[in-house]
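Within every chain, numbering begins at 1; the chains are lettered A, B, ... in the order of the sequence lines, protein sequences first and strands thereafter.
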Amino acid sequence: MIVTRFAPSPTGYLHLGGARTALFCWLMARHNGGKMILRIEDTDQKRNTPTATKQVIEDLRWLGIDWDEGPDVGGPNGPYLQSQRRDIYDRYIKKLLDEGKAYYCFERPEELKAMRDKAIAEKKTFIYPRPQSFPDIGDVEKARAEGRPVAVRFVVPQLETIVVEDIVRGRVSFPGGEFGDFVIQKSDGFPTYHFGCVVDDELMGVTHVIRGQEHLMNTPNHQLLQDALGFRRPAYAHMSVTVSEGGGKLSKRDRAKTLLKVIKGKPDIDKAKLAQESGLEISELESFLAGQSSPDAPIISAMAEHLGVHLPEINIVDFFHSGYLPEAMVNFTALLGWSPGDDREIMSLEELIEAFDIKRLAKTNSLFDRQKLTAFNTEHIRRVGPERLLKHFKDYLTVSESPLVQKDDETLAYILQANQGAQTFEQIADKCGFLFIEKVEFDPKAVKKVLRKEGVADLLGQARTALSELEVWDKESLHTMIEQLCQKNEVGMGKVAQPIRVAITGTTISPPIDDSLILLGKQKTLKRIDDTLGYIAHE
RNA sequence: GGCCCCGUCGUCUAGCCAGGUCCAGGACACAGGGUUUUCAUCCCUGCAACACGGGUUCAAAUCCCGUCGGGGUCACCA
């Protein structure tokens, strides 16, 4: 059976790159009727964030990705948090140590750095010098007594070449001399990534390791470790990377960078207020502006909101908050470095599973194109079906704290169908903002383009009268009424609809006029038209 | 810098492994036009690429070599 695994380290939210890796692992497992495992690689105590595991799980679930074994669902190969598997790693470390395939080392970080700097100065690749004879237990105790760190290194067999058979890259060979003895157990007792990864993949029965290209250079080390431990070798697939528009890996720094640019572009900004509103010390803000530090993700978001700027989404939650559909995210992400081979692009999860073939993973890096994502989202909004759409819409309204959450399902469903063709939920919510304002504020452009036009007061007055005489406030009656008004005055729809739209929303943008009127209700409509008539008279 | 990977329209890609069916197909974007009560949607048309240079071959986007360009990686991070 095919077993894949997604193994994130819990350092924050799930980002696009992680989601893409998880997606391909998931598609691989599901297409082949195999198993998917979620394993949390939390071996770096300094970097771990307490809530990150929960966040990652939530984000994966939102995308519609599930797994058969993992920290939240359990399974026969648990625990699925590496921090809880210390005794397992210790056993294998001891085995290697006993067999002379690993040894202790005691260098302080600064000593290691000095050795490395020396190598760089001599333009040589730094390779840790293996000692003539390996330290024994007595040496370890002595080192501990001196307060030296005690780590364990793997004895890397010196082979001529090391070959990795990769599903996407083909056969890749490395000169053996490139690889020195690397650390497998850190001085805090935790395994390094390499060791935890190799041991767990074996114990969990992982058959296919699908991961980012950045791990390709680690693979020789992993294979050597597998050989030394007598482990099976999983199949490897090193995926291309998705880069951001500035080039380089798509990273959370992109958000901070954009924000920094915005703040610097506005010299008259009230820094004290900005710091206060976003929960930041003024000194921290200054440090950020000076490029010396970067605040945490939530603070970045808070600042952006305060300034009213749109930051590039990089974490999956950002896309959720911006009103994208998980179906669109998955579909779009899947097509970054993969294609079904024909001209299909818009696909459901089921279709993706059905069509997935790991051999079709592309070798080339790809650039994330938001406009295409938006086009996908538009199409998926159209395709998901009313029930799911409503559910997603409500989830969106909740997280984005839109006032629309107060509305009942029936109204929300109505809004959804009145906004067919919308690109994102954000767009829909924005268009409905007029339902919640106390007093209409007129957009100067709308005033100029519509309200100042000849005969508007007269038409609006007629509309007001006709509207007030309407007994039934539904789509049909409203539509008929507007049509009659057009005929009577011998004008087009726009001439009537636009002044009403501006009167009730203050802008030229809203759902179709009859829908807007229904949503707003008769009473408010008449009131707003009266106000507008007054406004025009005063001008 | 060493090592590794990659190079088809602006972007995502199909085609490459098994050379001719490709003066390179689709989608997004862009430009122009159309539909529409606004925005969005929708429809039509157009623009646009085999990184470069050498080979091999009757024939190369497809195979080989080199150059250039991009990315990754060189931790007691994962």
When we call it a touch if two heavy atoms are under 4.0 Å apart, what does A/His194 touch: a base, just sugar-phosphate, or nothing?
-> base
Return the nearest nucleotide to the side chain of A/Gln498; candidates are B/U38, B/C76, B/C4.
-> B/U38
When we call it a touch if two heavy atoms are under 4.0 Å apart, what does A/Ala151 touch: a base, just sugar-phosphate, or nothing?
-> base
Is it the case that more than 12 heavy atoms not belonging to A/Glu146 sit under 6.0 Å from its CD atom?
-> yes
With both distances under 3.5 Å as the test, what is the Watson-Crick or G-U wobble partner of B/C28?
-> B/G10
Which part of the nucleic acid, if any, lies within contact of A/Asn419, taking any heavy atom under 4.0 Å across all strands shown: a base, the sugar-phosphate backbone alone, or nothing?
-> nothing
What nucleic acid atoms does A/Gln420 come within less than 4.0 Å of, heavy atoms only: base, sugar-phosphate, or nothing?
-> base
With heavy atoms under 4.0 Å as the rule, sort A/Thr374 into base, sugar-phosphate or nothing.
-> nothing
Mind checking A/Gln423 for me? I need base, sugar-phosphate or nothing, with any heavy atom below 4.0 Å counting as a touch.
-> sugar-phosphate
Check every strand shown and say whether A/Arg108 touches a base, only sugar-phosphate, or nothing at a heavy-atom separation below 4.0 Å.
-> nothing
At under 4.0 Å between heavy atoms, what does A/Thr505 touch on the DNA or RNA strands: base, sugar-phosphate, or nothing?
-> nothing
Considering residues at least two apart in sequence or located in another chain, which fulfil the side chain to side chain donor-acceptor pair (under 3.5 Å) criterion with A/Asp201?
-> A/Arg5, A/Arg39
Under 3.5 Å on both distances, the Watson-Crick or G-U partner of B/U67 = B/A51
Using a cut-off of 4.0 Å on non-hydrogen atoms, how would the nucleic acid contact of A/Arg153 be classed: base, sugar-phosphate, or nothing?
-> sugar-phosphate
Of the candidate nucleotides B/U37, B/C76, B/C39, which contains the atom at the shortest distance from the side chain of A/Lys431?
-> B/C39
Presence of A/Arg211 side-chain N/O under 4.0 Å of B/G72 phosphate oxygens OP1/OP2 | no
Under 4.0 angstrom, heavy atoms only, what part of the nucleic acid is A/Arg169 near: base, sugar-phosphate, or nothing?
-> sugar-phosphate
Any luck finding a side-chain donor-acceptor pair between A/Tyr193 and A/Asn218 under 3.5 Å?
-> no
Hey, is the side chain of A/Arg360 poking within less than 4.0 Å of OP1 or OP2 on B/G15, counting only N and O atoms?
-> yes
Identify whether any heavy atom of A/Gln185 sits under 4.0 Å from a base atom; if not, whether one sits that close to sugar-phosphate; answer base, sugar-phosphate or nothing.
-> nothing
Touch check for A/Gly337, heavy atoms < 4.0 angstrom, all strands: base, sugar-phosphate only, or nothing?
-> sugar-phosphate
With sugar-phosphate meaning primed atoms plus P, OP1 and OP2, does A/Ser9 contact a base, only sugar-phosphate, or nothing at under 4.0 Å between heavy atoms?
-> sugar-phosphate
Paired nucleotide for B/C74 [Watson-Crick or G-U wobble; both distances under 3.5 Å] | B/G1
More than 12 heavy atoms of other groups within 6.0 Å of A/Glu122 CD | yes
When we call it a touch if two heavy atoms are under 4.0 Å apart, what does A/Ser339 touch: a base, just sugar-phosphate, or nothing?
-> sugar-phosphate
Measure from the side chain of A/Gln371, starting at C-beta and using heavy atoms only, and say which of B/A29, B/C3, B/A27 lies closest.
-> B/A29
All heavy atoms of A/Leu478 vs all of A/Asp514, minimum pair found to be CD1-O, 3.8 Å
State whether the distance check finds a donor on one side and an acceptor on the other, under 3.5 Å, for side chain A/Arg382 versus base B/U41.
-> no
